[in-house]
Amino acid sequence: MERESSNEWEDEPLTPAGRLFAQPEMRQIIHCVVGTKNPFDIDSVKSELRKSAMLQHPRFTSLLVRDHRGREHWRPTQVDIERHVLIIDRPLSDADHDSAVNSYLADLSTEGLSMEKPLWELHILMAHNCAIFRIHHSLGDGISLMSMLLACCRKLHDPHSVPTIASSSSSSSSSSRSRNTTWPNILWNLAVTFWFCLVFALEFILRCLCVRDRKTPLSGGAGVELWPRKIATASFSLQDMKTVKTAVPTATINDVLFAVISSGISRYLDFRAPNGVQEGIQLTGLAMVNLRKQPGLQELSNLMKSNSGARWGNKFGMLLLPVYYHRSNNSDPLAYLKRAKAMIDRKKQSLEAHFSYKVGDLVMSTLGPKFASWLNYRILCNTTFTISNVVGPQEDIMMVENPVTYLRANNSALPHALILNMVSYAGRADMQVQVAKDIIPDPEFLAKCFEDALLEMKEQVTAKI
């Protein structure tokens, strides 16, 4: 066991979200995958880790302990790097690098982390030029952890500078607001927001309690998080996504992503169950949404400030995003984008993500983590898939003076049979398609359905130019 520190610091209680992820039903581990051009120098990696920003953060140097009442706390300890860095020298299999790494990730998706040390590990796959950071979700969400990871990297063409984190442009939104500042528009927008808040809040509550998606070849359910997993990677060009979004005014990359998922799922169901799925059936996705005041990745210095609106930890809400099955041979590819944009625009006008976050916080504070965990587990069982999207750096970076070739992410298994995690980096977006292999045996084909959906949309857009 790692030696606990002296009483220089007292135990610190976990946040409500941290306590939620410490429950057995919701125990989640985030895997940040970094591919590099060259093999790793292990001594350099360990040296960089010891002086990294990561080990300056108290969460990464603390044990998760429980007091006599069962309440979780962080207890500072001294970190033994040797116990956290695992070196795998041999090739994982005879398969190509991507397949071998994805197979390794699939095995990790049903494994936990030892509670005898701080809740993170670094697995280095020497034969595949790949490093996998395993980090318990109670330490932070995807935005926090990606921001931490980037603080440990440097720009490829400026080795003394950390990667820049582009702030999202607000010009279009500000100009839109300036056009809608008359009293009639303000009152109308308030009425629309109130209506959507009411509708989506009711839908969210019903999903927690009783409303469930109808069964399809993609459906999971209680206990599916324990089933064996497979992972495949769908790769997209960000330029292709930008081209597609021009087909619908004010569309965003997120609109295109959800259109691609909608179309890809319909393509897959056409193949798996050509006559067994009802036209128009709803499959509901559960999306994780960053709620920090500043969108996107955060400067690490801001995250470390307790009074910052972009504080460290877990600060995200949930959105219910419905997908409707339509037979591919009867569908206009760009119709998926139009439907996705209309639906996501309605979600933006509501406060559904904030509502889910506040309700979760209230339930944790009043009814405790076990009941909150049960509610979260219920909504996972009553929906069909999970989706997350983290925007990474759009410039080439390096880690320990080793050029980074790709960034990917996935998380531990959930009751869903389908989990989608996308990270963009340097003009490319990689989406990890994680499945329960006894339900969805061919994630490689599903990944290709997503890739083909984007290419078909792009072809239709470019044909009109």
Side-chain angles (χ1 to χ4, degrees), residues 102 106 109-110 203 206-234 256-287 319-340 342-343 377-387 410 413-422 431-457 460:
N102 281 337
S109 296
T110 53
E203 179 187 11
L206 291 175
R207 281 283 172 176
C208 288
L209 300 177
C210 57
V211 175
R212 181 172 187 169
D213 282 350
R214 293 173 62 183
K215 190 170 181 60
T216 71
L218 302 179
S219 298
V224 169
E225 69 274 15
L226 303 176
W227 293 21
R229 296 273 151 170
K230 287 183 73 175
I231 294 176
T233 303
V256 175
L257 170 62
F258 204 70
V260 165
I261 290 170
S262 303
S263 177
I265 285 176
S266 291
R267 286 168 173 264
Y268 182 77
L269 291 176
D270 280 346
F271 171 78
R272 279 289 303 277
N275 299 308
V277 180
Q278 180 182 344
E279 176 77 13
I281 193 172
Q282 176 177 323
L283 299 85
T284 308
L286 193 62
L319 287 180
L320 296 171
L321 299 178
V323 166
Y324 299 95
Y325 166 70
H326 297 282
R327 290 181 176 83
S328 298
N329 56 358
N330 296 331
S331 298
D332 169 14
L334 294 178
Y336 290 101
L337 177 57
K338 295 170 185 174
R339 286 192 291 265
M343 182 268 296
Y377 192 80
R378 286 283 299 176
I379 199 167
L380 287 166
C381 290
N382 290 341
T383 51
T384 300
F385 64 95
T386 308
I387 178 171
N410 73 287
L414 293 165
H416 287 150
L418 176 60
I419 303 173
L420 305 171
N421 303 102
M422 191 169 92
M431 185 165 69
Q432 293 293 84
V433 181
Q434 181 192 146
V435 302
K437 66 180 183 180
D438 292 333
I439 297 174
I440 305 173
D442 46 1
E444 298 83 4
F445 178 71
L446 179 54
K448 189 174 186 307
C449 288
F450 293 134
E451 292 172 346
D452 290 347
L454 177 62
L455 292 176
E456 186 178 33
M457 292 179 194
Q460 181 145 342

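Here the structure is a predicted model, which is why all the values come from computation and not from measurement.
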| said: Check whether Arg207 reaches the backbone of Thr383 with its side chain - one donor and one acceptor, N or O, closer than 3.5 Å. | reply: no
| said: Using side-chain heavy atoms (C-beta onward) and a distance below 4.5 Å, is Ile387 in contact with Leu257? | reply: yes
| said: Within the 3.5 Å criterion, strictly below it, is a donor on Asp213 or Ser219 matched to an acceptor on the partner's side chain? | reply: no
| Heavy-atom pair with the smallest gap, counting every atom of Leu446 and Gly264 | CD1-O, 4.3 Å
| Approximate separation, where rounding is to 0.5 Å, of Leu218 CG and Leu418 CG | 6.0 Å
| said: Over 60° means perpendicular and under 30° means parallel, so tell me whether His326 and Tyr336 are parallel, tilted or perpendicular. | reply: perpendicular
| task | To the nearest 0.5 Å, tell me how far Ser266 OG sits from Ile281 CD1. | result | 11.0 Å
| query | How close do Ala453 and Ser263 get, heavy atom to heavy atom, and via which atoms? | reply | CB-OG, 3.5 Å
| message | With a 4.5 Å cut-off on side-chain heavy atoms, are Asp438 and Pro228 touching? | response | yes
| Closest non-hydrogen atom pair between Phe258 and Pro322, with its separation | CE2-O, 3.6 Å
| request: Going by the side chain to side chain contact (heavy atoms under 4.5 Å, CB included) test, name the single residue among Val224, Ile440, Asn102, Val435 that passes it with Arg229. | output: Val224
| task | Can you see which heavy atom on Cys381 is nearest to which on Arg212, and at what distance? | result | O-NE, 3.3 Å
| said: Tell me the closest heavy-atom pair linking Val277 and Arg327, and the distance in Å. | reply: O-NH2, 3.6 Å
| message | For the CG atom of Leu321 and the CG atom of Leu283, what is their distance to the nearest 0.5 Å? | response | 12.5 Å
| said: To the closest 0.5 Å, what do you measure between CG (Leu269) and CD (Gln278)? | reply: 13.0 Å
| Test side chain to side chain contact (heavy atoms under 4.5 Å, CB included) applied to Leu420 and Thr386, step by step | CA-CA 6 Å; Leu420 305 171; Thr386 308; over 6 Å; no
| said: Can you tell me how far apart OG1 (Thr284) and CG (Leu319) are? Round to the nearest 0.5 Å. | reply: 12.5 Å
| query | Within a strict 4.5 Å, meaning less than it, do heavy atoms of the Thr384 and His416 side chains meet? | reply | no
| Side-chain donor-acceptor pair under 3.5 Å between Ser262 and Arg339, yes or no? | no
| field | All salt bridge (charged side-chain N to carboxylate O under 4.0 Å, His left out) counterparts of Glu451, not counting sequence neighbours | value | none
| message | Donor-acceptor pair, distance only, cut-off 3.5 Å: does the side chain of Lys230 make one with the backbone of Pro441? | response | yes
| Criterion side chain to side chain contact (heavy atoms under 4.5 Å, CB included) on Trp227 and Ile439, from CA distance to verdict | CA-CA 9 Å; Trp227 293 21; Ile439 297 174; 3.5 Å; yes
| query | So how far is it from Asp452 CG to Phe445 CZ, rounded to the nearest 0.5 Å? | reply | 8.0 Å
| task | Could you go through the side chain to side chain contact (heavy atoms under 4.5 Å, CB included) check for Thr216 and Tyr325 one step at a time? | result | CA-CA 10 Å; Thr216 71; Tyr325 166 70; over 6 Å; no
| Hey, is the main chain of Leu334 close enough, under 3.5 Å, to the side chain of Asp332 for a donor-acceptor pair? | yes
| note | Correct closest heavy-atom pair for Leu380 and Pro415 would be CD1-CD, 3.9 Å
| Distance-only, no hydrogens or angles: does the Glu225 side chain make a donor-acceptor pair with backbone N or O of Gly223 under 3.5 Å? | yes
| Given the rule in the side chain to side chain contact (heavy atoms under 4.5 Å, CB included) test, do Glu203 and Val211 qualify, once you have shown the distances and angles that lead to the verdict? | CA-CA 9 Å; Glu203 179 187 11; Val211 175; over 6 Å; no
